Chemist: 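Starting off with a structure, shown below.
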Amino acid sequence: MVRLESKLLFKRAASIDLHLHLDGAITSDIARKLAVLQHIDLPTENEEELKELLTVSEECRDLNEFLECFSLPLKLLQTTAGIREAVRLVSERLSKQGLVYAEIRFAPQLHTERGLTQEDAVHAALEGLKETDLHVNLILCCMRGGEEHKNMETVNLAEKYLVTDGGVVAVDLAGAEGLFPTKDYERLFLKAREAKIPFTIHAGEAAGAESVRDAIAFGASRIGHGVRIIESEEVMNLVKEKGIYLEMCPTSNLQTHAVESLSDYPLLTYMEEGIRVTVNTDDPGIEGTNLTREFSLLEEKGLTGTQEKKLLENAIEAAFTSEEVKKELRKELLATD
Ligand code: ADE
Ligand code: ZN
């Protein structure tokens, strides 16, 4: 009986993903469809080989190596048709998995290798949104190590297209945190703050808690990962006091060695400390995961049905969307208590 209740809550908990990269969500079946659509030859016709090329290897040592896996998916995302169709296909896949709301993020500057402008890439993704039944919003990523003018262009585009729901709702900073520290992006997020663009920042993943402290000082209301704040009681208190939401992604963190084992995974500790945590996939294609699997991993570590419900409540509150939409999500997902 208890188990059944837990299963039910668990299923419903796995219904919102706030941290998912478009290029990281390209599975082998989606890659094939994008290749056919754009007349691109994939490096192999063999399904197993293709899967191997698209997913991270067990030998992956860190985030830098993990990020090398994105070159093939990105080759398939360099035309308006490719980006539009990818948004549609990824959303369709999420919908089939039982998600009811998702925020898909991508870095427009990574989609300009074949002549698109950043704005073309944003337009294409917005077109893709129109073709899906799933409730999806977009987050535009700036890139660590990207040229400053390109990152500024991304923030300017976010300002131009910003809506409270149904399109671009926020910006982010992604990429190699271990090589390009958060503190170097102060100007960028000053601009985002002046433009009143909500933002999240990948931090406390390949770098330590000080990276999260910097991101919060810039004005981030959410942190991508934040898994390493466990290294600093002071930053844990800061995250708690400011009500910052952590977008945690267990499989990703294991694969990039942000944490070494699931038994070291600090999510339950954070929840017990009153830190606002959400569970997400990050790069389901690259990692070979989905949201249900992420919750299963945490269940194995002792996550209870009550905690799953809390995670879902947190995801609704953390979402970069309007209060009206949150009200609908609460009604739909939390009603049957
Ligand atoms: N881009 C895609 N996945 C990422 C991650 N885990 N960290 C930083 N940038 C990313
Ligand atoms: Zn990410």
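In each ligand, atom 1 is the first atom listed, and ligand 1 is the first ligand listed. Model, not experiment: these values are computed from the prediction. Atoms considered below: every heavy atom in the structure, side chains included; atoms not considered: hydrogens, waters and symmetry mates.
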Chemist: With the Zn ion (ligand 2) at the apex, how many degrees lie between OD1 of Asp282 and NE2 of His202, rounded to 10 degrees?
Modeler: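 About 160° at the Zn ion (ligand 2).
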Chemist: Between Glu294 and Thr289, is there a side-chain donor-acceptor contact under 3.5 Å, judged purely by atom types and distance?
Modeler: yes
Chemist: Take every heavy atom of Ile286, measure it against each atom of ligand 1, and state whether any distance is under 4.0 Å.
Modeler: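 Distance cut 4.0 Å: Ile286 fails for ligand 1.
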Chemist: Closer than 4.0 Å to some heavy atom of Phe70 - which atoms of ligand 1 meet that?
Modeler: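 The atoms of ligand 1 under 4.0 Å from a heavy atom of Phe70 are 2 (C), 3 (N).
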Chemist: For ligand 1, which part of Thr256 has a heavy atom less than 4.0 Å away: the side chain, the backbone, both, or neither?
Modeler: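 For Thr256, there is no contact with ligand 1 at all, from either part.
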Chemist: Among protein heavy atoms, which lies nearest atom 10 (C) of ligand 1, and at what distance?
Modeler: Leu67 CD2, 3.6 Å
Chemist: Kindly identify the option in Glu205, Met143, His19 whose heavy atom sits closest to atom 7 (N) of ligand 1.
Modeler: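 Minimum heavy-atom distance to atom 7 (N) of ligand 1 goes to Glu205.
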Chemist: Any N/O/S atom of Cys249 sitting less than 2.8 Å from the Zn ion (ligand 2), backbone or side chain?
Modeler: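 Checking Cys249: none of its N, O or S atoms is under 2.8 Å.
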Chemist: Verify whether one side chain among Thr251 and Glu287 offers a donor that lies under 3.5 Å from an acceptor in the other.
Modeler: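 No.
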Chemist: What protein heavy atom lies closest to atom 9 (N) of ligand 1? Include the residue and the distance to one decimal.
Modeler: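 Answer, as residue, atom name and distance: Gly175 N, 2.9 Å.
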Chemist: For Leu76 versus Ile26, what's the shortest heavy-atom pair and its separation?
Modeler: CD1-CG2, 4.5 Å
Chemist: What protein heavy atom sits nearest atom 3 (N) of ligand 1, and how far away is it?
Modeler: Asp283 OD2, 2.7 Å
Chemist: With heavy atoms under 4.0 Å as the rule, classify the contact between Asp282 and ligand 1 as side chain, backbone, both or neither.
Modeler: side chain
Chemist: Between the side chains of Thr281 and Asp17, does any donor sit under 3.5 Å from an acceptor?
Modeler: yes
